[in-house]
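Nothing fancy with the numbering, it's 1 onward along the sequence. Atoms within a ligand are numbered from 1 in the order they appear, just like the ligands themselves. The shown structure was predicted, so the numbers you read here are calculated from the model rather than taken from an experiment.
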Amino acid sequence: MSEPAKTPLFGTVAFVGIGLIGASLSLALRRGGLAGRTLATSRRQETLDTALRLGIVDDASTDIAAVVKDADLVMVCVPVGACGEVAEAIGPHLKPGAIVSDVGSVKCTVIKDMLPHLPEGVTLIPGHPLAGTEFSGPEAGFAELFEQRWCVLTPLPSTPKGALDKVAEMWRAVGSNVDMLTPEHHDRVLAITSHLPHLIAYTIVGTATDLGTDLKQEVIKYSASGFRDFTRIAASDPVMWRDVFLNNKEAVLEVLQRFTEDLTALQRAIRRGEGDTLERHFTRTRAIRRGIIDAKQA
Ligand code: NAP
């Protein structure tokens, strides 16, 4: 017997920006029957043509006002530096009662940039799915991206519970575990778990790129010895990551300072031949990896 048709959680979901994250969420909503229809708008027609060709959304247009005007949920899925201008463009066209949410990797500046442009009667639910790949664009999207991954929502003290619960339910329905943090706490945690590792990867790969030609060829040939994992991270979208560092400046600079001090301590241990210090440090860090595997986040 076929399952009875589910009532969609949202009537119309409009995506502003339909790259890796927007496309993956739209595919997951469609697969789960969670949206009555999904629409997309983007800067370039080419992006929308791809999204339509791949069956990611029901309809698409570069006319941002037309796409968002009937939406019950507007998902803003653009680089964090563009969220403010998107909010300004959609603000006057949103219907009363609409929910606006986002997926940006930084939360404090996104809230500060978006909130002033949203009219009364429209609710902002800031969010960040901790799921992604180094690929970009709608072709990179897949419905399973969010399964068994965390999605952090960072509601404001004024956020209505009903809208928050609905967005949380959507993320759970696409397979995520949902957590709530304050925007400030989110940005500090992500600075160490995501932003600093990306900065380190960008640095190592840049250093290798600047090596002499002979050495560089061998770095590529023997990349499986550790370097390869950094190259994957350092292949992440340059615009997205430019915006992350510009928008989470203070938290990133703070953890970078601590990292630099710890690196200097290891540097000194190597110079002085202090094997015990090195071994103790590496034993402690190995336990972290075990914790990640146990938490099924590996
Ligand atoms: P993406 O694949 O590069 O797609 C970006 C989308 O935003 C495209 O539709 C693009 O439009 C549009 N866009 C780019 N710049 C814009 C601008 N200045 N104004 C308006 N629209 C613009 O990016 P993504 O990986 O989906 O990332 C989207 C958001 O998700 C970012 O805020 C990022 O921080 C967050 N996020 C990413 C990951 C990840 O691993 N990638 C994980 C979690 C959260 P056109 O193609 O038409 O130019």
> Who are the residue neighbours of ligand 1 when the rule is a heavy atom under 4.0 Å from any of its atoms?
Replying inline: Gly17, Ile18, Gly19, Leu20, Ile21, Ser42, Arg43, Arg44, Thr47, Cys77, Val78, Pro79, Val80, Ala82, Val103, Gly104, Ser105, His128, Pro129, Ala131, Gly132, Thr133, Ser136, Gly137, Met240
>> Quiz question: by atom type and distance under 3.5 Å, do the side chains of Thr47 and Arg44 form a donor-acceptor pair?
In response: yes
> Lys107 side chain to His186 main-chain N or O, any donor-acceptor pair under 3.5 Å?
Replying inline: no
>> Main chain of Gly127, side chain of Asp102: is a donor-acceptor contact present, judged purely on distance under 3.5 Å?
In response: yes
> Taking only residues two or more places apart in sequence or in another chain, which ones pass side-chain contact (heavy atoms from CB on, under 4.5 Å) with Glu139?
Replying inline: Thr50, Leu54
> Relative to each other, are the rings of Trp171 and Phe146 parallel, tilted or perpendicular (30° and 60° limits)?
Replying inline: perpendicular
> Where do Ile99 and Asp72 land on the side chain to side chain contact (heavy atoms under 4.5 Å, CB included) test, with the steps shown first?
Replying inline: CA-CA 6 Å; Ile99 297 173; Asp72 302 291; over 6 Å; no
